[in-house]
Structures are given as C-alpha cells and as structure tokens.
Student: 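Sharing a structure with you now.
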Amino acid sequence: MHGVGLSLGGTDPLSNPYLAQLKALVHWAKPEVVSDHICFASVDGSYGHDLWPMPHCEESISHLASRIAQVQETIGRRLAVENVSSYVSFQSSTMTEWEFVGELVRRADCDLLLDVNNVYVSAHNHGFSAAEYLSAIPYERVVQIHLAGHTRENGYLLDNHGAMVSEAVLDLFRAVAMKCPEARVIVEWDEKVPPFEKLLEEVHRVEQSTQVESP
Amino acid sequence: MRLKQLQRVFWETVRTEPGPEEQDLVFASSPSMNARDCASIYRRMYWYRQIDALFDVFPTTAEVLGSQRFTELCTTYIAQNPSEHPALEQLGRHLPQFLAAKDRLASGCAAVEWAQLKALTAPDNPRGLTVNDLYESETTHARAAAAMHIVEVERDIAQRFIAIDDASEPAVMLRVARAGFTVRIARVPAFATSAYTRLTKGDLFAAVCAELASTPEGTARASSEIGDWIRYEWVTVLQG
C-alpha cells in the first residue's frame with residue numbers, strides 16, 4: 001500500500017482523519033508493505049499534491065523521525081519511506097542525501113522503499129554519484145524497490161513514470177537487487193500508459209536484467 | 001532558516017514566485033541550472049498537475065468552455081481555492097459554485113460531474129435499506145446514500161449527459177448513482193421526483209413510499225424503484 005498524502009516532512013500537524021482512514025484501510029487490506037514518501041506536501045493547511053523535497057539537515061531528520069514514529073504507532077505497523085526525485089536543493093542542507101536517508105531510517109526505526117530511478121534522476125540533477133549514494137544505503141532496511149522511466153528535459157531529468165526504465169537505471173538496479181534479494185520490485189508506469197502487453201514486456205525486461213547466465 | 005519558514009517560502013515559490021533575494025536564501029543552484037530555475041520546475045508541476053486533475057474530473061465542463069478558457073478559469077480557481085484536502089480528487093469541490101457567476105452551462109455541467117465523482121468515491125453503505133425495513137417503514141427514516149446524488153439542472157445541461165426527448169420541461173431531475181464500479185446518470189421520472197426530494201431530506205420512509213405511489217404510474221413502478229434502492233444500496237436507513 002503506497003501513499004502520497006501523509007506529508008511526513010510537513011510542519012502542519014499530521015491529518016488525524018487521514019491517519020484514521022489509513023489505519024482502517026491497513027487493517028482491512030493487510031498489505032505486505034505500507035509506505036509513503038520522504039517529503040512534505042502541505043503548508044499551512046494547503047496541499048500541493050506533489051512530493052516536495054526536504055533539506056538534508058538535522059532538523060529535518062528529527063522532525064521526520066518523530067512523525068514516522070507517530071504514524072507507525074497509529075497504524076500499528078512499520079512504515080517504509082521512499083526517497084523522492086528532486087529538482088532543487090537547499091542552502092540549509094548540511095549532509096548528502098544518502099547520509100540523510102540512512103540516518104533517518106535508523107533514527108525512525110522504519111523501513112526503506114528504495115526508488116532507484118529517483119536516485120538516478122536526483123544524481124543527474126544535483127551532480128552527485130548515484131553509485132556512491134547506493135553504496136551507502138542500509139540494505140537490511142530495504143523492503144521494496146521502485147523502478148520507473150524518466151524523460152530528459154531542458155537541463156534536467158524529469159521522473160515522469162511515463163517511459164521504459166532506462167538502461168542506466170537497470171544497471172544500478174542489478175547491483176541493488178543483489179544486496180536485497182528479498183525486496184519486492186515494482187515498475188511504476190502511470191503516465192502515457194501503454195497497452196498491457198507492453199507493460200508486461202517491461203516487467204519481463206526488468207526480471208531478466210537480474211538473472212545470472214549459467215556458465 | 002528553520003523548516004517551517006523554508007516550507008512557506010517553497011509554497012510561495014510554487015504559487016506566486018517570491019522575490020529573488022528570498023529564493024536565493026533558500027534554494028541552491030544545480031550544476032546546470034540556477035536556483036530560481038530549479039525551483040520553477042516545481043511551480044510548473046504544481047499548476048500542471050492540478051489543472052490536469054480538474055480536466056479529468058470535469059471533462060464535459062472543459063468541453064463546454066473550451067480547453068483554453070477552462071485552463072484559465074481553473075488557474076484562477078486554484079489561486080483562490082488552494083487545495084485543502086490530501087486527496088487530489090477533492091480539489092474541484094468548489095468549482096461548480098466558482099463557475100456559477102461565470103458561465104451557467106459550465107457551472108451546471110460541473111455540478112453533475114462533481115456528483116459523479118462523489119458517487120464514485122462514496123464509501124459502501126453499511127445501513128443499506130433491506131426488505132425488512134419496508135415492514136418498519138412507519139417508523140423508519142431514510143435518505144439517499146452517499147453513492148446516490150440527486151441534481152436538478154436545466155434541460156440544456158441535462159442533455160449534455162443523457163438523451164431527453166421531452167422538450168416541455170425546463171428543469172430536469174437527475175439521479176447520479178453508483179452501481180458496482182460504474183456511475184450511471186438517469187433522469188428521475190416525473191412520478192418519482194417528489195419522492196426523491198423527500199428522500200434527500202431524510203423523511204419517514206413510509207412518506208417516501210406514499211409519495212412514490214401517489215400516481216397510477218407510480219403505483220405500477222414503485223416496486224421496481226424501491227428494488228433498485230435496495231439492490232444498489234442507494235438508500236440508507238437513519239433510524240428504525
């Protein structure tokens with residue numbers, strides 16, 4: 001069960017009606033994983049319906065960790081949090097994104113949903129190494145992996161979930177999949193959705209990318 | 001800068017673009033773009049995503065207004081009514097009222113399309129009418145469930161959604177209701193309009209039934225109408 005509306009990093013109070021509905025749905029559906037994003041989505045009671053990035057600093061970690069704890073306590077389950085793709089960084093960041101994510105999941109004692117395409121997109125947009133990011137991930141906490149397509153815009157990559165997974169992302173995924181073989185993998189495609197057969201082909205392409213050829 | 005202040009600047013940036021000095025204090029440049037251009041990506045996405053969502057919920061309204069005017073009006077609407085709900089689908093809840101002063105036909109179409117969305121996303125009805133409730137109808141109050149909405153619109157608006165042969169009636173009562181996973185729009189027949197009006201007010205169920213059967217045609221078709229209310233859980237029991 002994957003959400004986009006918790007606004008875990010927001011400074012508005014968590015929405016009690018939303019949490020109550022989430023709790024009821026989780027208890028009814030009993031999903032394998034409950035997840036949302038490391039981001040904020042509302043300000044002063046207004047919602048942006050986007051996954052806005054957090055500054056990578058101690059205040060963000062402390063704030064997110066306490067709210068993740070509140071969600072986990074409310075729903076009675078562990079929450080997995082997903083790294084988002086981003087297009088802007090903040091002057092107030094004091095650490096790398098991978099340091100931030102690693103420390104957050106440790107301090108919040110939650111799981112990690114690792115979106116490999118998001119790592120690739122953000123690495124390109126901010127000029128860091130995706131491989132370095134992925135080498136620092138606490139893989140024992142990764143319970144799910146997301147893959148998706150992106151597009152090349154004027155000066156940046158856009159995570160649009162509207163294309164095939166790029167070969168570069170698949171290369172990163174091969175290495176990731178070996179480090180957390182139990183994690184489920186989801187290919188996200190929700191823009192310009194092609195016929196079902198094409199989606200199935202894409203799933204098979206991802207599956208085959210991790211198969212080791214026999215000697 | 002503290003987190004709360006940073007998020008407020010971010011919000012201003014996606015909604016209106018604050019001054020350059022304020023943005024430079026918050027945002028950092030990327031290897032290929034300056035800080036303000038990076039932040040502007042979120043501004044484009046903010047407006048695009050929400051206007052796109054309104055196109056999805058109000059396709060007939062958009063058709064009536066034309067794509068460009070609909071986009072312009074939605075931009076003003078979102079500027080005046082920032083989303084107050086975590087679910088994007090709730091964004092258009094004030095759009096019919098917003099359009100009322102601007103375009104009568106579009107506002108009416110928006111009211112029907114908003115009823116469609118409400119019917120589609122309504123929770124299941126745990127207090128659905130049963131055959132047993134019919135025997136208790138003297139004391140049972142009932143009203144339309146969340147999956148059924150009654151909308152009264154002018155004839156030209158109704159014609160955007162259903163075929164209407166009868167040219168005499170200036171106003172048409174529509175039943176917008178979910179059956180399974182499909183929302184159907186149907187004209188409430190003349191014999192049933194008073195009964196549906198009572199139903200929307202939570203009247204005694206006996207009074208609703210009496211109203212339904214108050215004409216010869218209603219007497220003949222009442223059981224079929226009530227059968228649909230039970231089958232599709234379109235009526236909820238308020239008290240027994």
Side-chain angles (χ1 to χ4, degrees), chain A residues 3-7 9-12 14-15 17-19 21-22 24-25 36 39-64 85-93 122-128 153-160 191, chain B residues 1-16 21-54 56 78-93 121 123-124:
Chain A
V4 295
L6 268 173
S7 192
T11 47
D12 292 338
L14 285 167
S15 164
Y18 188 98
L19 274 179
Q21 288 182 315
L22 178 64
L25 188 58
D36 208 301
C39 71
F40 73 103
S42 72
V43 177
D44 292 332
S46 296
Y47 288 83
H49 304 292
D50 201 347
L51 307 171
W52 291 331
M54 301 291 291
H56 303 139
C57 60
E58 170 57 34
E59 186 187 9
S60 292
I61 291 175
S62 171
H63 180 70
L64 278 158
S85 54
S86 65
Y87 310 95
V88 74
S89 55
F90 298 98
Q91 299 283 5
S92 53
S93 288
S122 294
H124 178 276
N125 291 345
H126 303 304
F128 61 73
E153 304 294 323
N154 187 20
Y156 64 98
L157 296 185
L158 179 69
D159 166 39
N160 73 341
E191 278 286 323
Chain B
M1 180 178 285
R2 298 301 303 268
L3 197 52
K4 193 173 190 69
Q5 190 188 351
L6 177 146
Q7 294 186 351
R8 282 183 171 149
V9 174
F10 199 105
W11 174 250
E12 289 300 314
T13 301
V14 297
R15 295 264 301 168
T16 56
E21 299 81 11
E22 199 170 10
Q23 288 191 62
D24 289 341
L25 279 174
V26 173
F27 303 117
S29 298
S30 77
S32 59
M33 295 171 74
N34 69 46
R36 277 169 252 164
D37 286 343
C38 291
S40 72
I41 296 169
Y42 286 96
R43 184 180 312 119
R44 288 196 296 276
M45 290 197 292
Y46 174 83
W47 293 101
Y48 170 80
R49 176 173 289 114
Q50 297 192 53
I51 291 169
D52 190 50
L54 293 174
D56 280 348
I78 295 165
Q80 293 176 2
N81 300 273
S83 177
E84 301 162 332
H85 197 283
L88 179 55
E89 71 209 20
Q90 295 293 322
L91 175 65
R93 67 170 87 176
T121 58
D124 291 339

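Letters go in sequence order (proteins before strands), and every chain restarts at 1. In what follows, every heavy atom counts, from backbone to side chain, and hydrogens, waters and symmetry copies are set aside.
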Student: Hey, are the side chains of A:Trp52 and B:Val14 touching, using non-hydrogen atoms and a 4.5 Å cut-off?
Tutor: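 The answer is yes, as the side chains (C-beta and beyond) meet within the 4.5 Å cut-off.
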Student: Is A:Ser86 in contact with chain B via its backbone, its side chain, both, or neither, using a 4.5 Å heavy-atom distance?
Tutor: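 Interface part for A:Ser86: both.
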Student: If you tally heavy-atom pairs under 4.5 Å against chain A, which of B:Ala87, B:Ser83, B:Pro82, B:Cys38 wins?
Tutor: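 Counting heavy-atom pairs under 4.5 Å, the top option is B:Ser83.
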Student: With sequence neighbours left out, write down each residue that passes ring pair (Phe, Tyr, Trp, His ring centres under 6.0 Å) with A:His56, or none if nothing qualifies.
Tutor: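 In terms of ring pair (Phe, Tyr, Trp, His ring centres under 6.0 Å), with neighbours along the sequence ignored, A:His56 is linked to A:Phe100.
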Student: Do A:Gln91 and B:Val26 come close enough that some side-chain heavy atom pair is under 4.5 Å?
Tutor: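 Result no, sub-4.5 Å side-chain heavy-atom pair not found.
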Student: Shorter than 4.5 Å, heavy atoms on both sides: which option in A:Gly45, A:Gly48, A:Ser7, A:Ala41 has the most such pairs with chain B?
Tutor: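 The answer is A:Gly48.
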Student: With only heavy atoms counted, which part of B:Ile41 is less than 4.5 Å from chain A, the side chain, the backbone, both or neither?
Tutor: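 Side chain only.
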Student: Distance check, rounded to the nearest 0.5 Å: A:His126 atom NE2 versus A:Tyr87 atom OH?
Tutor: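 These two atoms lie 9.0 Å from each other.
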Student: Checking side-chain polar atoms at under 3.5 Å, does A:Asp12 have a donor or acceptor matched by the opposite partner on A:Ser42?
Tutor: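 Judged by distance alone, the side chains do pair up.
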Student: Using atom types as modelled, flag every donor-acceptor pair under 3.5 Å from a side chain in residues 3-11 of chain B to any protein atom, sequence neighbours excluded.
Tutor:
unit_1	atom_1	unit_2	atom_2	d
B:Gln7	OE1	A:Thr11	N	3.1
B:Gln7	OE1	A:Thr11	OG1	3.1
B:Gln7	NE2	A:Gly9	O	2.9
B:Arg8	NE	A:Asp44	OD1	3.4
B:Arg8	NE	A:Asp44	OD2	2.8
B:Arg8	NH2	A:Asp44	OD1	2.9

Student: Under 4.5 Å from any heavy atom of chain B, what part of A:Phe90 do you find: side chain, backbone, both or neither?
Tutor: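 Its backbone and side chain both get close to chain B.
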Student: Look at A:Pro55, A:Ser46, A:Gly127 and state which one has the largest set of heavy-atom pairs under 4.5 Å with chain B.
Tutor: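 Maximum pair count with chain B is reached by A:Ser46.
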Student: Flag the one option from B:His85, B:Arg15, B:Glu84 with the top tally of heavy-atom pairs under 4.5 Å to chain A.
Tutor: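 Among B:His85, B:Arg15, B:Glu84, the one with the most close pairs to chain A is B:His85.
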Student: Can you tell which part of A:Leu6 gets under 4.5 Å to a heavy atom of chain B, answering side chain, backbone, both or neither?
Tutor: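 No part of it gets close to chain B.
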Student: Tell me, side chain or backbone of B:Ile78 under 4.5 Å from chain A's heavy atoms, or both, or neither?
Tutor: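 Neither; nothing under 4.5 Å.
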